[in-house]
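Read through the structure below, which is laid out as structure tokens, and then see the notes.
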Amino acid sequence: AAFDAMGERPEGIALVCANHIPHARGMGSSAAAIVGGIELARTLVVGGHQLLPHHDALVLAATLEGHVDNVAAALLGGLTIAWGEGESAQSLRIKPHPELRPILCIPEGSVSTKKARAALPESVSHSDASFNVGRSSLLVAALTEEPHLLLEATEDKLHQEYRKSSMSKSFKLLNALREAGLPAVISGSGPSVLVLTTEFVEEQVREIAGEDFDTQLVKVSLLGAHSVPLTN
């Protein structure tokens with residue numbers, strides 16, 4: 001798709017994709033694969049980053065993925081805010097708090113994104129919508145300047161409870177972590193659980209999660225999608 005958008009198609013290339021992000025876990029593996037392919041295509045074509053500039057790459061990625069939020073994060077890195085559809089897709093990267101230490105608890109089982117989205121209702125109450133708008137605004141402040149507010153900022157009424165029946169173990173863990181004062185959420189559409197904190201609590205999270213989850217401290221990449229030349 002990126003070659004077509006640039007009007008260039010290099011010959012004689014064999015590609016192998018190794019996507020190390022677990023699939024169907026709410027971790028954005030499909031968005032990362034799409035952005036990786038686009039960035040690679042831009043690198044393989046002479047002048048590719050001019051033929052397919054940043055905004056066009058974002059629009060193409062969003063078109064292939066179906067929405068802009070995950071591809072914006074994969075393309076830009078850091079903390080992103082994304083909005084718009086189709087040609088109007090836009091994104092903004094802001095710097096997260098330098099001490100942010102995300103921790104992922106990844107279960108063995110998976111839940112398809114399509115199934116998770118299908119569990120959401122067509123409409124929600126005004127009070128729940130108002131609640132989440134406030135928490136979303138607070139979350140931006142918490143992730144950038146006021147991390148002590150992360151527990152309150154990660155409260156949600158729009159998507160997690162509706163998906164509870166399809167990921168009961170994840171919700172049990174989610175509740176246990178939050179009861180321990182740890183800012184935990186369902187990662188994406190689940191069933192992974194994400195803890196957003198600036199504290200050194202990996203061992204505490206690992207102990208609460210137990211053997212049913214692979215608990216990993218992950219880094220916040222500020223670089224975004226990029227190509228690295230191979231050396232012999």
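Being a predicted model, the structure only gives us computed values, none of them experimental.
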Heavy-atom side-chain proximity of [X] to [Y] below 4.5 angstrom:
{"X": "Asp156", "Y": "Val185", "result": "no"}
{"X": "Phe171", "Y": "Ser165", "result": "no"}
{"X": "Pro96", "Y": "Leu222", "result": "yes"}
{"X": "Pro107", "Y": "Asp212", "result": "no"}
{"X": "Pro10", "Y": "Phe3", "result": "yes"}
{"X": "Phe131", "Y": "Leu158", "result": "no"}
{"X": "Arg206", "Y": "Ile103", "result": "no"}

Quick check for you: to the nearest 0.5 Å, what is the distance between [X] atom [atom1] and [Y] atom [atom2]?
{"X": "Thr80", "Y": "Asp69", "atom1": "OG1", "atom2": "CG", "result": "8.0 Å"}
{"X": "Leu194", "Y": "Met27", "atom1": "CG", "atom2": "CE", "result": "9.5 Å"}
{"X": "Ile38", "Y": "Leu60", "atom1": "CD1", "atom2": "CG", "result": "4.0 Å"}
{"X": "Leu173", "Y": "Ser192", "atom1": "CG", "atom2": "OG", "result": "10.5 Å"}
{"X": "Leu75", "Y": "Asn70", "atom1": "CG", "atom2": "CG", "result": "12.5 Å"}
{"X": "Leu143", "Y": "Leu100", "atom1": "CG", "atom2": "CG", "result": "6.0 Å"}

[X] side chain to [Y] backbone, donor-acceptor under 3.5 Å:
{"X": "Arg163", "Y": "Leu120", "value": "no"}
{"X": "Asn132", "Y": "Lys157", "value": "yes"}
{"X": "Ser221", "Y": "Gly77", "value": "no"}
{"X": "Ser130", "Y": "His126", "value": "no"}
{"X": "Gln90", "Y": "Gly84", "value": "no"}
{"X": "Asn19", "Y": "Ala32", "value": "no"}

Given the rule in the side chain to side chain contact (heavy atoms under 4.5 Å, CB included) test, do Arg25 and Leu104 qualify, once you have shown the distances and angles that lead to the verdict? CA-CA 11 Å; Arg25 302 294 204 287; Leu104 272 169; over 6 Å; no
ILVMFWY cluster, Leu138 and Ile81 together (side-chain gap under 4.5 Å):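 Hydrophobic grouping puts Leu138 apart from Ile81.
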Quick one: closest heavy-atom pair of [X] and [Y], and the distance?
{"X": "Ala74", "Y": "Ala31", "answer": "CB-O, 4.2 Å"}
{"X": "Ala153", "Y": "Ala142", "answer": "CB-CB, 3.9 Å"}
{"X": "Thr215", "Y": "Ala209", "answer": "OG1-CB, 3.6 Å"}
{"X": "Met6", "Y": "Leu51", "answer": "CG-CB, 3.8 Å"}

Pair His55-Glu87, side chain to side chain donor-acceptor pair (under 3.5 Å): steps then yes or no: CA-CA 9 Å; His55 177 258; Glu87 295 293 327; 5.8 Å; no
Which pairs pass salt bridge (Lys or Arg N to Asp or Glu O under 4.0 Å) with one or both residues in residues 88-110, sequence neighbours excluded?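 Output for this query lists Arg101-Glu202.
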Run the numbers on Val205 and Thr197 for side chain to side chain contact (heavy atoms under 4.5 Å, CB included), then give the verdict. CA-CA 11 Å; Val205 172; Thr197 178; over 6 Å; no
Could you pull out all residues at least two apart from Leu151 that satisfy side-chain contact (heavy atoms from CB on, under 4.5 Å)?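 For Leu151, the residues satisfying side-chain contact (heavy atoms from CB on, under 4.5 Å) (neighbours in sequence not counted) are Arg178, Pro183.
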